[in-house]
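For the numbers below, each heavy atom of this structure counts, side chains included, while hydrogens, waters and symmetry mates do not. Proteins come first, then strands; the chains are lettered A, B, ... in the order of their sequence lines, and each starts at number 1.
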Number of protein chains: 2
Amino acid sequence: MMSYKIKSRIWIEGKKGTFLAEGRVALMKQIIETGSISSAAKAMKMSYKKAWEIIDGMNKEAKKPLVVRVSGGKGGGGTQVTEEGIKAIKLFDKLNKKCQKYLDKEVSKLDL
Amino acid sequence: MMSYKIKSRIWIEGKKGTFLAEGRVALMKQIIETGSISSAAKAMKMSYKKAWEIIDGMNKEAKKPLVVRVSGGKGGGGTQVTEEGIKAIKLFDKLNKKCQKYLDKEVSKLDL
DNA sequence: TTTCGTTATATAAACAAATATACAACGAAA
DNA sequence: TTTCGTTGTATATTTGTTTATATAACGAAA
């Protein structure tokens, strides 16, 4: 009857805290677009502090850094997403889609 | 290498809001144990108001009530989880386990 | 050496969420 | 009719989270 919808949220945890999650991936995508944490935060209407903390926490859980930050220099510096970061984005998006697809299939068997 | 763990959270949405979710199911289980919203809330160290709102929201999204509440009467009244409620608990727990199992399997292929 | 806009950091202010408190309504049983 | 502990509801308080603000550090390039 399609009365109900199943929703899900996934995230990946490292030893001390969250590694990858939806917001983190979205922020990385925005950094790719804009070239810096500050402009990415602005575009997402997020405070710089929060954005910085997300990036910092993510890098601390990563084996190789997902983003590299440069302070000072031409234009004041900036932040770049590494190859590892791009891999992480793709991995997360893929897992997320698979999870939702699986759940939709399971629920469709159930006539809720 | 087992460095990372995948985590997930699922919930079921009705037309106007959340129907089933982890906290709601836990509360129903506690109501089965204790026989009332107030004592269940106390046992879970949750405010009565929050517990009441959870139950209210859940019943509003349910086709048949998952809990029946009686105010007044012997002992002041109480709350009981219906057969529908018990079915809902089992359904949710099963879906939740399946989801986590699926994700663990997917992640195990990935050598994170 | 000066300039630039960024990163990095601390603290204050604003906002949101949860809790605590109080009290009316309820109705079966004594 | 009175009693009981619950449900139901509103409001004030507390707590926690998020944002805003300010400022130092940075370092390549002009």
Is there side-chain contact between [X] and [Y], with at least one heavy-atom pair below 4.5 Å?
X	Y	result
B:S36	B:I31	no
B:K101	B:K105	no
B:T18	B:R24	yes

Measuring to OP1 and OP2 of [N], would you say a side-chain N or O of [X] lies under 4.0 angstrom away?
X	N	result
B:R69	D:dT6	no
A:S71	D:dC26	no
A:W52	C:dA8	yes
A:S38	C:dT7	yes

> Mind checking who D:dT7 pairs with, Watson-Crick or G-U wobble, both distances under 3.5 Å?
Replying inline: C:dA24
> Which base, if any, makes a Watson-Crick or G-U wobble pair with D:dT2, both distances under 3.5 Å?
Replying inline: C:dA29
> Considering heavy-atom distances to DNA chain C, does A:D56 or A:G78 have its closest nucleotide positioned more toward the 5' end?
Replying inline: A:G78
>> How many whole angstroms separate atom NZ of A:K74 from atom P of D:dC26?
In response: 22 Å
> Whole-Å distance between C:dA8 P and A:I37 CD1?
Replying inline: 6 Å
> Any salt bridge between A:K7 and A:D104, counting N to O under 4.0 Å?
Replying inline: no
>> Heavy atoms from C-beta onward define the side chain here; which of D:dG8, C:dA18, C:dT7 lies closest to that of B:K50?
In response: C:dA18
>> Which nucleotide wins on minimum distance to the side chain of A:K49, given the candidates D:dG8, C:dA20, C:dT11?
In response: C:dT11
